[in-house]
Amino acid sequence: WRSVNDAFACFVDTPKAFEVYTAMQNNHKLDRFMYYPYTLDIVTGMRIEKDGTLYEVTKKPEDQGGLNEVMRVALSEVSA
């Protein structure tokens, strides 16, 4: 992966225990959800640093509400 120093506004949230459990049942690691503007082009495999922790985008982004305003993507913490 390559480092790109692009800052953007986002909201990072902790998933519910049920969401983490469901992801685990499907062999996916889930540590955080990131919500960001629809206009950003974020894809699976990208890495994002938030508050000194490195995360990898593990699933395809989801349009929240279907209005092309806010996207949500699953993040998995990357070991150093």
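Just so you know, these numbers come straight off a predicted model, no measurement behind them. Scope of the values below: all heavy atoms of this structure, side chains included, with no hydrogens, waters or symmetry mates.
In the hydrophobic clustering, Ile42 connects to Phe8, Val12, Met34, Tyr36, Tyr38, Leu40, Val43, Met46, Ile48, Tyr55, Val57, Met71, Val73, Leu75, either directly or through intervening members, whenever side-chain heavy atoms lie under 4.5 Å apart. Other members of the hydrophobic cluster containing Leu30, listed by chain and number, are Phe11, Phe33, Tyr35, Val70; membership follows side-chain contacts under 4.5 Å among ILVMFWY residues, whether direct or relayed.
Scanning for side chain to side chain donor-acceptor pair (under 3.5 Å) contacts around Glu62 gives Arg72, with sequence neighbours left out. Listed by chain and number, the residues in a side chain to side chain contact (heavy atoms under 4.5 Å, CB included) with Thr14 are Arg32 (sequence neighbours excluded). With sequence neighbours left out, the salt bridge (charged side-chain N to carboxylate O under 4.0 Å, His left out) criterion links Lys29 to Asp31.
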Hey, can you pull the donor-acceptor pairs under 3.5 Å for the side chains in residues 15-25, sequence neighbours left out?
from, atom 1, to, atom 2, distance (Å)
Glu19, OE1, Lys16, N, 2.7
Tyr21, OH, Gln25, NE2, 3.4
Thr22, OG1, Phe18, O, 2.9

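What you find for Pro37 and Ala9 is that their closest heavy atoms are CD-O, 3.3 Å.
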